Amino acid sequence: MGAGMQRRPGDSAQNVWFLGSSQLILSVIPAFCSPETLQLCEADWHARRFTKGELDLGGGRTANFVSCSMATLGDPAYVSDQWHPTPGLVEYMDTIDGDAQVIVSMLRGNEFVLNSLVDTPPRWDFSYGQRQADPSRVFVQQVDIAAHVDDVLGGLFATLAVIRQRFPQAAVYHVAPPPPVEHGSPHLEPAKLRADGMGEIVDLVESYGVRPFPVRQKIYDAMYERLAAKLPQVGVEFLFAPAACLTSEGATRSDFATDCLHGNDLYGRAIVRDFEERHLSAPV
Amino acid sequence: MHPYDDLADHNFWRRGVGDRLWTDIDFVPTVPFTLSRADRIGTGGSCFAQHIAPALAPLGLTYYVTEQAPSILSPERIADLQYGVFSARYGNIYTVRQLRQLLEFAFGEAPDIAPVSLDSGRWFDLLRPSIQTGGFATPEELQADRASHLHRVRELFLGADCFVFTLGLTEAWYQASSGVVFPACPGTRAGTYDPAEHKFVKFRHHEVVSDLQWCVDFVEGVNPDMRWIFTVSPVALAATATRDNVLVATSVSKAVLRAGVEDVCLANEHCAYFPSYEICSSPASFGQFLDSDLRNISPRGVQLAMRVFGESFGGLPRGEPASAAPEMAGADLDPDVSAALRRAVDAACDEAFNDPIFR
């Protein structure tokens, strides 16, 4: 069943499922669930348990969610022309009703920031579209960027392929993590990074600095535009963050971010509303 | 009394060379400067220069690389793109003119007008054909890579404490319309040979001296503390575009380069010569360091040259002196016959009488 399907009044709430880990927990859950549910999700995340619940989208509409810690899922393997999920991923998918009609993945997302934030030497850059590489940085060719992207996102691609394979009747979407926060964002201050539990990154940031925003943005675009082009091969549609969450330069607005990795409740609300408007048509 | 009375053993062929094992010869009795771990040492030059970089760390010296591989590249890709072979990804620099050209491009003394070639849909930098064997996908990527590379070259010569340059050739090909000198004749490694555009040059001694002195002067202007170590590659020419036999052409090439380096080192206190050429290919070594093709230097020869480099510039302790009998690899001469041969040669050479042992 493809995108743009309609939900009729009285349709089961089990039809729409949001999946994710920290991206889901820090943005969508606080926007559409009670504080108690948020606390439960956070506690279960630390304990590596799945949390299954319901999102109150307002106007009598609901959706389901299953949150997890990514460490429990692992990476599927591609053997003998087939995807083979890990036991953790199978267990996770078992929490989703078999008749799910729409699955929205917000799984992973850290791969971007982990690969782009710290400006470790040698400082490199690449050209992307009209955006030219800075000659003061070591030049990386497109073919190498593509190879790197495929390596970094291979696990996510495999996970989405497995989900699609498991739920052949569902429309499956994946939502990109938030674009990089802008240069000078308070979320990049060392004190904020420490408060957000990113002590290891802080040490690196203090040693090497934050990679310039133009380079982080190119890395983000290269990663997710490539993924967006590949996912239709396995029947998954890719969704970028709505414009309301972004600055004029395409960065995540600091007031829409929880930290340098995650959107906040405003971001989560914008994601879901945008998804509803574009992919879940109101009944006639 | 005369000036030869008080000279050291190394000043005399008999005591300094003939009576010694080759590995015990004091090839570099004095140097104008030494190197320490704190010195950032850059390398460049012909094929033989590729041996110097990996030898520096074991000698306790610091190899200075300004064009380092980004962490996102695989080890295979890093090797394919020749990161780390030299201090920056310039590939082999065979002639002094090429070195001068590189500096001119890197510091904006001349516009970077690198000839490029399109072959089977791939773009090749004809000034660096070996650093990207498969070519670039687009001319824009080629130019972006060059711009980044030249930035690294500038950084190299601004920051190095010493640069070890291995001179390889006097023969080269250049682009007639621009004067740009190629590391390899177009059509051999990359590109297509065009007889109307690609011309042959054999640099003369005065040109080698002029270009080398220009390089020394220019770098002194931007990095006054940088020292130079020059060495002449002991590897013979693979081919000559002259009418000479390649062995004869090799002799000329090495003689011109050796003499050119000598002139520059005599004129510049911060320039030193390292005799890898003599260590590996002197006739007195009986070719023991030649590889099976009689052209390349064997690993044993490279090892000896680098050991002497370490002893000379890096403070490596010298080995214990071996016996006085000359070592001839693969030979087992009767001592009486070798002594008779030596007397016969000495009898024809007045210079031998500078050795007090003959008075």
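Here is how names work: the chains are called A, B, and so on, in the same order as the sequence lines, proteins then strands, and each is numbered from 1. Source: prediction; values computed, not measured.
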Non-hydrogen atoms of chain A under 4.5 Å away: do they reach the side chain of [X], the backbone, both or neither?
X        : value
B/Leu81  : side chain
B/Ile72  : both
B/Gln143 : neither

Quick one: do [X] and [Y] make a salt bridge, cutoff under 4.0 Å?
X        : Y        : answer
B/Arg100 : B/Glu109 : no
B/Arg77  : A/Asp144 : yes
B/Asp161 : B/Arg227 : no
A/Lys218 : A/Asp221 : no

Open item on the list: Is A/Gln132 close to chain B through its backbone or its side chain, or both, or neither, when contacts mean heavy atoms under 4.5 Å?
Closed with: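 Neither the backbone nor the side chain of A/Gln132 comes within 4.5 Å of chain B.
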
Open item on the list: Taking every non-hydrogen pair under 4.5 Å, which of B/Glu141, B/Gln68, B/Glu140 racks up the most with chain A?
Closed with: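 The option with the most such pairs is B/Glu141.
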
TODO: For the residue pair B/Phe230 and B/Trp228, categorise the inter-ring angle as parallel (less than 30°), tilted (30 to 60°) or perpendicular (more than 60°).
DONE: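 Answer is parallel, since the angle falls under 30°.
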
